[in-house]
Each structure stands twice: as C-alpha cells, then as structure tokens.
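Heads up: the structure comes next, in structure tokens.
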Amino acid sequence: MPRALITGCTGQDGSYLTELLLSKGYEVHGLKRRASLFNTDRVDHIYQDLHEKNLRFTLHYGELTDGSCMATLLYDIRPDEVYHLGAQSHVRVSFDVPEFTTDVVATGTLRILEAIRRTGVKTRFYQASSSEQFGSTPPPQSETTAFHPRSPYACAKVYAHNITVNYRESYGMHASCGVLFNHESPRRGETFVTRKITRAAAHVKLGLQKKLYLGNLDAKRDWGYAPDYVRAMWMMLQQDEPNDYVIGTGEAHSVRDFVEAAFARVNLDWRDYVEIDPRYFRPAEVDYLLADATKAKKDLGWEPMVTFSQLVNIMVDADLAEVELKMRGGAEAVRLVEE
Ligand code: NAP
Ligand code: GDD
C-alpha cells in the first residue's frame, strides 16, 4: 500500500487529493494546523467512511514554519510521495502579510526539502507551483515562459519552484513542480473571486444579499475544476523521471465573464447587483493568464474534463444548495423554539 503525506490537506486541493489517493488504495497522512476552531470541514466527511470502507487516513498537527516538526513527521511516516500544497495562498492578503507569506511559502518549501534530504527518506516530491509566477509575462504561458512575479505570494512561489528544481539537480531527488493555473470548486475559499461571486449569486437569488462588491473585472484567468487538477499532481509523481508541467484548460475568461455567467445561472442580470470597490484592487495586478499545457497533455496524457460554463454551474448550484440548507435549518430551529 503506497503511503502519501499531504501538506495543506485541509485546503481545497488537499481535500480532493486525499479522496483521489484513498480511492487508489493509498495510506494518506495529512498535515493540519492547530486552530482555535475546527478547520477540517473539507475532510470531515472522509472520517464518516473510514471504518466502513477500510480507509487509512490520519491527520497530524503540523506547521510549515516549524522545520523540526516537518523532519519528525517525515521520519515517522516515511512516505513514498509528498504532496506539498500548504501555503498562505491568497495573493491580495500576501501584500498585507508579506513576511509570513514568504516564511510559509518559500522557506516552508525549503524546510520540507531539507527534511527529506537530512532524514534520507526516499520519497517523491510534488511542489504546488503557480501560474502567478508568470505575473506580467504575456500569454500563453508554458514551461519555457519567463517568470515575472507581481506579489509577495508569487515571489515566494518562484523561490519555492526554483529551490525544488535545485534540490532535484543537486541531490537527484524525484521532485516535480506542477505550475497550476487557477482551479476552483465548491470547496474554494470564500474570498477568492469565483467563490465570492457564486456565493453572492446564491445569496442575492434567495433574498439574503443586495449588492456584490468586486475589484478589477478586466483581469483574465484560465479557470479549471480542482478535481481535474489534483489528478495531474498524482500523474506527475507516477512518471519515471521528475519534471515540471503547466496545467490549465487553454481558455481564458475575464472576471466580468465569470460574474455574468454566475448570475445568469440564477436568471439575474449581474449589472443590477455588482458595484466596484477600490479596496479590492491590488498594488500590482496580473492581467492575463492563459495556459499552454501541451507538455502535460503529451507526456502525462492529462486532459481537463470540466468546461468553464460547467464549472460556473457546479459552483453556483452548490452554493444555492448550501444556502437553502442553512435557511431550512434556521427555519426548523425557530419552529422548535416556538413549539
Ligand atoms: P487553500 O485552499 O488555501 O489551502 C491551503 C492549505 O495550506 C490549507 O490546508 C491551510 O490550512 C494550509 N496552510 C496554510 N498555512 C499553513 C502553515 N503555516 N502551516 C501548515 N499548513 C498551512 O489552497 P488551495 O487552493 O488548495 O491550493 C493548494 C496549493 O496550490 C497552495 O500551495 C496554492 O498556493 C497552490 N496553487 C493553487 C492554485 C489554485 O488556483 N487553487 C493554483 C496554483 C497553485 P488551513 O485550512 O488551516 O488554512
Ligand atoms: N479575491 C478577489 N476578490 N479577487 C478579485 C475581486 C475580489 O473582490 N475582484 C476582482 N478580483 C480579481 C483579482 O484582482 C484577480 O485579478 C482575479 O480576480 C482573481 O483573483 P483570486 O480569485 O483572488 O485569485 P488569484 O488569481 O489572485 O490567485 C489564485 O490563483 C493562483 C494561480 O494563478 C490563488 O488560488 C493562488 O493561490 C494561485 O496561485
């Protein structure tokens, strides 16, 4: 039974990757941060099935800012594959907490690579690189496109990417970087633009919200579906030789396109509800990201399965269902109190 360690296991991608690896018979170990409230919502459902389906899934407390903790976990778990997904992953927030972002994203990656090297654990390593690394370099972007990062987050990811390549070249590690373009899902954090929009469309439709405040509507992104993208991560680590791959759909849309499609899904005209709030503008913007994923398609046989309009519909429908469930729960609670 192969054994995997996932940092960022409680995040969007970590939760889908955990499901994928468990379905392939892996023993999965995940890192979770200590928080004052529960922060395992995205993986809690897996625990329900643990015994019934005989799944092997364990969460360990851990911190990417703590090198000794990373070394201990690696030594104790001795994983065959490490998927390093943990990060302060919000670009706008990285301008507010640049040092912390750099510590977690850049030095955090170095800490794990060093832990692998020093413990001598033989493992394959996946680095969650990002299309943000391309920044202002014109599209389409591929593995040979130059990086021009535009935020503390992107600068830290460039370091993490380069140090991963360096450890591969210096120490012969099986370490691969997946340069993933934006990927979304109903499990996307609520402050990323797609989820912010789909939640708002659901709330407006159900009469719980009047306006949606956004920043730059002209930015273009190559948006895909997160479960398709974690499949690519796994495929990369199954290759005999480590390598770096761009993953994206090859189709870009503006934030305006996304908001239009999301509100159309609930039969509303977005122009009646969206206002621009300069608070959401960034000190430096990334205008246009569009993937050329030819190499991944050819070498890995990877293809995205979900289109842009399917993605928007999946997310809006999930948010509608979630809000309706909460409303029903609230109404039921009121009824019980009144009885
Ligand atoms: P996400 O939902 O924000 O998840 C990030 C994960 O990292 C969470 O589990 C978070 O824990 C954990 N984390 C944050 N700081 C940590 C720390 N100091 N120590 C330990 N764990 C920490 O991100 P995602 O969308 O799944 O993305 C996964 C990875 O891919 C990230 O590295 C991201 O930068 C990268 N990436 C994402 C995209 C995308 O479009 N989604 C594209 C390219 C690259 P909590 O749950 O406790 O916060
Ligand atoms: N978050 C947010 N909120 N973004 C907004 C808003 C808003 O109200 N209004 C407009 N935008 C624009 C941003 O300026 C940006 O151009 C675009 O929407 C997408 O923003 P995000 O959804 O926050 O994602 P991102 O592209 O900055 O970063 C995501 O993708 C990267 C891969 O390219 C994150 O997942 C990163 O972790 C990931 O590396």
Side-chain angles (χ1 to χ4, degrees), residues 6-17 30-35 37-43 59-66 69-70 83-94 100-101 103-105 107-109 111-112 126-135 141 149-151 153-154 156-157 160-161 177-185 187-197 200 212-226 229-230 233 246-248 254-256 258-259 274-282 284-289 291:
I6 305 176
T7 72
C9 185
T10 57
Q12 171 189 256
D13 291 3
S15 66
Y16 286 117
L17 182 64
L31 200 70
K32 71 168 170 181
R33 291 196 285 179
R34 196 274 162 187
L37 290 170
F38 289 126
N39 61 349
T40 53
D41 287 14
R42 293 182 177 108
V43 290
L59 281 174
H60 307 261
Y61 282 110
E63 245 303 325
L64 289 164
T65 52
D66 183 336
C69 150
M70 297 313 305
Y83 294 87
H84 174 39
L85 313 183
Q88 188 304 93
S89 72
H90 203 286
V91 173
R92 177 65 190 85
V93 172
S94 78
F100 174 74
T101 303
D103 193 12
V104 173
V105 174
T107 317
T109 305
R111 286 185 187 104
I112 304 182
Y126 172 84
Q127 163 57 18
S129 291
S130 165
S131 52
E132 274 289 309
Q133 294 165 205
F134 297 121
Q141 292 98 2
R150 298 270 286 168
S151 64
Y153 165 81
K157 279 288 181 187
H161 179 105
C177 301
V179 188
L180 272 48
F181 283 61
N182 298 50
H183 45 280
E184 320 291 315
S185 75
R187 296 185 198 169
R188 184 59 143 153
E190 292 89 345
T191 59
F192 294 96
V193 79
T194 54
R195 186 77 198 287
K196 183 173 169 182
I197 292 169
L212 166 61
Y213 295 94
L214 292 173
N216 178 13
L217 300 185
D218 295 321
K220 289 198 176 95
R221 291 290 183 275
D222 179 332
W223 279 298
Y225 184 46
Y229 287 54
V230 301
M233 296 175 188
V246 156
I247 298 293
S254 65
V255 174
R256 187 178 288 99
F258 195 104
V259 82
V274 172
E275 306 265 342
I276 301 303
D277 185 336
R279 271 189 313 155
Y280 297 111
F281 292 150
R282 295 171 179 191
E285 179 59 284
V286 170
D287 295 321
Y288 196 168
L289 294 176

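Each ligand, and each atom within it, is numbered from 1 in the order the structure gives.
Look at D103 and R111 and you find a salt bridge, because one of the NZ, NE, NH1 or NH2 atoms lies within 4.0 Å of a carboxylate O, short of that distance. Salt-bridge annotation for K196 and E184: absent, with no side-chain N of the basic residue lying under 4.0 Å from a carboxylate O of the acidic one.
Within the listing of ligand 1, atoms 1 (P), 3 (O), 23 (O), 33 (C), 34 (O) sit less than 4.0 angstrom from a heavy atom of S89. Which parts of ligand 1 touch N182 is read off a 4.0 Å heavy-atom cut-off, strictly below it: atoms 40 (O).
In this structure, a donor-acceptor pair under 3.5 Å is present between the side chains of S185 and Y16.
For the pair N216/V255, no side-chain contact is recorded, criterion being any heavy-atom separation below 4.5 Å from C-beta on. For the pair M233/L180, a side-chain contact is recorded, criterion being any heavy-atom separation below 4.5 Å from C-beta on. Put simply, the side chain of R34 does not reach to within 4.5 Å of the side chain of E63, judged on heavy atoms. F134 places none of its side-chain heavy atoms less than 4.5 Å from the side chain of V286. You'll find the side chain of L212 reaches within 4.5 Å of the side chain of I197, heavy atoms only. With a 4.5 Å cut-off on side-chain heavy atoms, L31 and I6 do not count as touching.
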Can you pull every nitrogen or oxygen pair between ligand 2 and the protein closer than 3.5 angstrom?
{"unit_1": "ligand 2", "atom_1": "1 (N)", "unit_2": "T191", "atom_2": "O", "d": "3.0"}
{"unit_1": "ligand 2", "atom_1": "8 (O)", "unit_2": "K196", "atom_2": "NZ", "d": "2.7"}
{"unit_1": "ligand 2", "atom_1": "9 (N)", "unit_2": "G215", "atom_2": "N", "d": "2.8"}
{"unit_1": "ligand 2", "atom_1": "14 (O)", "unit_2": "E285", "atom_2": "OE2", "d": "2.6"}
{"unit_1": "ligand 2", "atom_1": "16 (O)", "unit_2": "R221", "atom_2": "NH2", "d": "3.1"}
{"unit_1": "ligand 2", "atom_1": "16 (O)", "unit_2": "E285", "atom_2": "OE1", "d": "3.0"}
{"unit_1": "ligand 2", "atom_1": "16 (O)", "unit_2": "E285", "atom_2": "OE2", "d": "3.0"}
{"unit_1": "ligand 2", "atom_1": "20 (O)", "unit_2": "R282", "atom_2": "NH2", "d": "3.4"}
{"unit_1": "ligand 2", "atom_1": "22 (O)", "unit_2": "V193", "atom_2": "N", "d": "2.8"}
{"unit_1": "ligand 2", "atom_1": "23 (O)", "unit_2": "R282", "atom_2": "NH2", "d": "2.8"}
{"unit_1": "ligand 2", "atom_1": "26 (O)", "unit_2": "N182", "atom_2": "ND2", "d": "2.9"}
{"unit_1": "ligand 2", "atom_1": "26 (O)", "unit_2": "R221", "atom_2": "NE", "d": "2.8"}
{"unit_1": "ligand 2", "atom_1": "27 (O)", "unit_2": "R282", "atom_2": "NH1", "d": "2.6"}
{"unit_1": "ligand 2", "atom_1": "30 (O)", "unit_2": "N182", "atom_2": "ND2", "d": "3.0"}
{"unit_1": "ligand 2", "atom_1": "33 (O)", "unit_2": "S131", "atom_2": "OG", "d": "2.5"}
{"unit_1": "ligand 2", "atom_1": "33 (O)", "unit_2": "N182", "atom_2": "OD1", "d": "2.7"}
{"unit_1": "ligand 2", "atom_1": "35 (O)", "unit_2": "R188", "atom_2": "NH1", "d": "3.1"}
{"unit_1": "ligand 2", "atom_1": "35 (O)", "unit_2": "R188", "atom_2": "NH2", "d": "2.8"}
{"unit_1": "ligand 2", "atom_1": "37 (O)", "unit_2": "S89", "atom_2": "O", "d": "2.6"}
{"unit_1": "ligand 2", "atom_1": "37 (O)", "unit_2": "Y153", "atom_2": "OH", "d": "2.9"}
{"unit_1": "ligand 2", "atom_1": "39 (O)", "unit_2": "S130", "atom_2": "OG", "d": "2.6"}
{"unit_1": "ligand 2", "atom_1": "39 (O)", "unit_2": "Y153", "atom_2": "OH", "d": "2.5"}

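Of the listed residues (Q133, R33, K157, M233), the one carrying the non-hydrogen atom nearest atom 48 (O) of ligand 1 is R33. Comparing L289, T194, L180 by heavy-atom distance to atom 43 (C) of ligand 1, the nearest is L180. The residue from V104, D13, L17 that puts a heavy atom closest to atom 27 (O) of ligand 1 is D13. When the options R221, Q127, E63 are ranked by their closest heavy atom to atom 18 (N) of ligand 1, first place goes to E63. Heavy-atom proximity to atom 32 (O) of ligand 1, evaluated over T10, V91, L85, D66, is greatest for L85. Counting only non-hydrogen atoms, the option in G86, A87, S185, S94 that gets closest to atom 14 (C) of ligand 1 is A87. The heavy atom nearest to atom 41 (N) of ligand 1, considering only E184, R188, M70, is found in R188.
Scanning the protein heavy atoms around atom 6 (C) of ligand 1, the nearest turns out to be G8 CA, 3.5 Å. Protein heavy atom in closest approach to atom 36 (N) of ligand 1: Y153 OH, 4.0 Å. Looking from atom 19 (N) of ligand 1 to the surrounding protein, the closest heavy atom is L64 N, 3.1 Å. Closest protein heavy atom to atom 30 (O) of ligand 1: A128 CB, 3.5 Å. What sits closest to atom 2 (O) of ligand 1 on the protein, heavy atoms only, is Q12 N, 3.0 Å.
Inclusion of T65 in the set of residues having an N or O under 3.5 Å from an N or O of ligand 1 is not warranted. An N or O contact shorter than 3.5 Å links G11 to ligand 1 by distance. Residue S129 places no N or O, backbone or side chain, under 3.5 Å from any N or O of ligand 1. Checked against a 3.5 angstrom limit, the closest N/O atoms of H183 and ligand 1 fall inside it. Checked against a 3.5 angstrom limit, the closest N/O atoms of N39 and ligand 1 fall inside it.
Contact annotation for H84 and ligand 1: no heavy atom of the residue comes within less than 4.0 Å of the ligand.
A cation-pi geometry, defined here as NZ or CZ lying under 6.0 Å from the six-membered ring centre and within 45° of its normal, does not hold between R279 and Y213. In this structure, K32 is not positioned above the aromatic face of F38 in the sense of NZ or CZ being under 6.0 Å from the six-membered ring centre and within 45° of the axis.
Here CD of Q88 is found 12.0 Å from CG of L64. Values are rounded to the nearest 0.5 Å.
In terms of modelled atom types and a separation under 3.5 Å, the side chain of S129 and the main chain of V179 share no donor-acceptor contact.
Environment of CZ in F281: crowded, with over 12 heavy atoms of neighbouring residues, nucleotides or ligands closer than 6.0 Å.
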**Message:** Could you go through S15 and R187, starting from their C-alpha distance and side-chain angles, then the distance that decides it, and tell me whether this counts as side-chain hydrogen bond (donor to acceptor under 3.5 Å, both in side chains)?
**Reply:** CA-CA 9 Å; S15 66; R187 296 185 198 169; 2.9 Å; yes
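Within the 6.0 Å centre-distance limit, the rings of H90 and F192 are counted as a close aromatic pair.
The closest approach between a heavy atom of Y229 and any atom of ligand 1 is not below 4.0 Å.
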